[in-house]
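First comes the structure, then the notes that go with it.
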Amino acid sequence: MKALAVLYAGTLSRYALQPVSAGKSAFARCLESASRFPGVSEILVAGSESLASAIPSGLSVPVRTQNPSAPGIASLFELMAAASPGFDSIYFSWADCPYLDVSLTSSLAEKHTRYFAEYTFADGYPYGLTPDILASGIVPIITKLAQNEQGPVTRSVVFDTVKKDINSFDIETDLAPVDARYLRLALSCDTKRNHQLCESLSGITADNYASFIAGRERSLRTLPSYYAVQVSARCPHECVFCPYPGLCRSAARSAPGIPATERRDYMQVADFRNIVAKIEAFSGDAVVSLSLWGECSYHPDLAELAAAVLEWPSLSLLIETTGIGWRKETLETIAALVHAAPARTNGQAAVNWIVSLDAVSSACYAKLHRADEASFREALACTESLHALFPGAVWPQFIRMKENEEELEAFYRFWKEKTGTVIIQKHDHFCKTIEDRRVADLSPLKRFPCWHLKRDLCILVDGTVPLCKEDVFAHVSAGNAHSDSFETVWSRIGERYGSHCSGLYEGLCGDCDEYYTYNF
């Protein structure tokens, strides 16, 4: 089998060129592994010719670099199609994967040849251990399938393109003996977070990954990828399914007995800008939500908050809203900011919107949100306006509860057809602190460490950092985002995560039903 290895480096980050575990860079390691794949006689680096200086010497096969004619999926496949004549097979991987496993790849290649497969891949392993393998004859076919795809090249670009006409291809897979997909591990040096992960998992292979990970659960927690910030404390509703109104009235921390509908405190722009700068410096990339508690539309300078996030290309916005209180000018200003913002480097859209509707009928909406029909009409109108301004980035949300279960199907069908995007969310009883309105128990049979302690960091309006969103008013405080370093607060939260790794679920954690849900 004469094979070509194609390593995509079109959007290679600086972390791919930094040493991993005091050794060679991910880019260099990737090239060295690819040079040992069965039958490889040439490596094509699909990226800038400036990368030639980072190619290690002494490789057993020649390496050439070539940029696709334009950014995007179509141009990548066009480059592959042009390079494929004369080869039987093509290995495809991103060029920032330091732990490509030659042994498992050899097994895949043998299966690919023996069964005359057109597309072969491994499934269930941590991402970054194996390449995809394509028969060169199908490359022009999938190039045609991708001819109108101008979007960015993703990690799953080959599979996503093949599945457009999946029944037309002979496909082989190698299933992992232990399915690690639920861990969402990315053994790629594309972000500061994943570079840290690769540092901590040096020595991982396809043979030892399960036992290797099991002994290093604490190392799987790297840096936050999602920051939920409360920028405005006021909320238009006192929803029956939410703990926030009750706690506002209870004179708990940061809420001196003032109803949520009457609060007027909000985060100052300068303080928020300082937090955003600290987020970028600490995590490198992240999604920043303006909607931990309260309705962010009530913030007097919301567009400035959006601008503070969007000026960093590695950060994206998430705005979760009731759809109440928005001014047309604010929405249009945010749309203009998104249009003018530099391209995101974190793989996310510049902004996504979640609109909490939870009902189809005004009667059900009124019952859940304790709101009148005018509020329902305003929320629907806001959703329509958002869809017009931010197509593909608006997610009508339905929190599934006993009270609205009968409207679930109608809600899904209506908004799926209208916007193409819908979120169906389970009800959160906040560690049994409010009535449990869940329709079904979706929790796993076996508990594992909390995703939110592993990936999220929450910040209240006064800067207080609670343990997590479930700790609504920070009964367990990790510090203050204004005065403490993020290294400090993240380390304190990590102590509770360490307890989870030891099988201990203390305090609120013992009654939590959110540990298995995932944000970013």
Side-chain angles (χ1 to χ4, degrees), residues 1-10 29-46 59-64 73 76-146 153-177 180-181 186-188 205-207 209:
M1 181 178 76
K2 184 179 180 182
L4 170 71
V6 177
L7 304 180
Y8 179 69
R29 291 170 187 245
C30 188
L31 283 163
E32 291 178 349
S33 295
S35 71
R36 302 198 302 273
F37 291 165
V40 165
S41 59
E42 183 182 348
I43 297 175
L44 169 60
V45 176
L59 295 178
S60 58
V61 299
V63 181
R64 65 185 177 94
I73 296 170
L76 170 63
F77 282 119
E78 288 169 4
L79 176 61
M80 291 173 63
S84 63
F87 296 98
D88 301 308
S89 299
I90 294 178
Y91 298 97
F92 176 81
S93 171
W94 278 55
D96 55 8
C97 300
Y99 302 135
L100 287 174
D101 191 288
V102 177
S103 177
L104 179 55
T105 301
S106 298
S107 175
L108 286 174
E110 192 276 331
K111 180 179 288 188
H112 181 79
T113 302
R114 184 184 353 138
Y115 294 114
F116 302 97
E118 293 176 310
Y119 174 41
T120 303
F121 64 96
D123 196 21
Y125 293 92
Y127 171 80
L129 286 178
T130 61
D132 293 317
I133 307 178
L134 294 165
S136 61
I138 72 163
V139 176
I141 299 172
I142 62 177
T143 299
K144 188 173 182 179
L145 287 175
V153 177
T154 64
R155 300 275 164 177
S156 57
V157 63
V158 174
F159 180 79
D160 291 342
T161 304
V162 168
K163 76 179 182 182
K164 291 182 176 183
D165 193 14
I166 198 166
N167 293 325
S168 297
F169 301 100
D170 292 322
I171 299 175
E172 288 294 329
T173 61
D174 186 297
L175 297 178
R181 287 175 297 182
L187 301 177
S188 55
T205 68
D207 288 332
Y209 73 95

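All values below were derived from every heavy atom in this structure, side-chain atoms included, with hydrogens, water molecules and symmetry-related copies excluded.
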Where do [X] and [Y] come nearest, in terms of heavy atoms and distance?
X      : Y      : value
Ala83  : Arg64  : CB-NH2, 3.7 Å
Leu100 : Pro131 : CD2-N, 4.1 Å
Leu4   : Glu42  : CD1-O, 3.5 Å
Ser41  : Lys2   : OG-CE, 3.5 Å
Lys111 : Glu172 : CD-OE1, 3.9 Å
Tyr125 : Ala206 : CE2-O, 3.8 Å

From [X] [atom1] over to [Y] [atom2], what is the distance, rounded to the nearest 0.5 angstrom?
X      : Y      : atom1 : atom2 : result
Thr205 : Tyr99  : OG1   : OH    : 11.5 Å
Phe92  : Leu44  : CZ    : CG    : 10.0 Å
Ile43  : Ser60  : CD1   : OG    : 7.5 Å
Phe37  : Ser89  : CZ    : OG    : 13.0 Å
Thr161 : Ile166 : OG1   : CD1   : 11.5 Å
Ile133 : Ile90  : CD1   : CD1   : 11.5 Å

Students often mix this up, so state it plainly: with edges at 30° and 60°, are the rings of Trp94 and Tyr8 parallel, tilted or perpendicular? perpendicular
Evaluate the side-chain contact (heavy atoms from CB on, under 4.5 Å) criterion for residues Asp207 and Asp101: first the C-alpha distance (whole Å), next the side-chain angles of each, then the deciding distance (0.1 Å), finally the verdict. CA-CA 9 Å; Asp207 288 332; Asp101 191 288; 5.7 Å; no
Side-chain donor/acceptor of [X] to backbone N/O of [Y], under 3.5 Å:
X      : Y      : value
Thr173 : Leu175 : no
Ser33  : Val102 : no
Ser35  : Glu32  : yes
Tyr127 : Cys97  : no
Asp88  : Ala3   : no

Using the side chain to side chain contact (heavy atoms under 4.5 Å, CB included) rule, pick out the option among Thr154, Leu145, Ile73 that qualifies with Asp160. Thr154
Between Thr105, Leu134, Leu108, Thr113, which is the residue that forms a side chain to side chain contact (heavy atoms under 4.5 Å, CB included) with Thr120? Leu108
Atom NZ of Lys144 with >12 non-hydrogen neighbours under 6.0 angstrom: no
Check against side-chain contact (heavy atoms from CB on, under 4.5 Å), Asp170 and Phe116: CA-CA 8 Å; Asp170 292 322; Phe116 302 97; over 6 Å; no
Take Phe169 and Tyr119 through the ring pair (Phe, Tyr, Trp, His ring centres under 6.0 Å) test and state the conclusion after the steps. CA-CA 7 Å; Phe169 301 100; Tyr119 174 41; 8.1 Å; no
Could you check Leu104 against Tyr209 for side-chain contact (heavy atoms from CB on, under 4.5 Å), going step by step and ending with a plain yes or no? CA-CA 12 Å; Leu104 179 55; Tyr209 73 95; over 6 Å; no
Check: Val6 and Leu79 side chains under 4.5 Å, non-hydrogen atoms: no
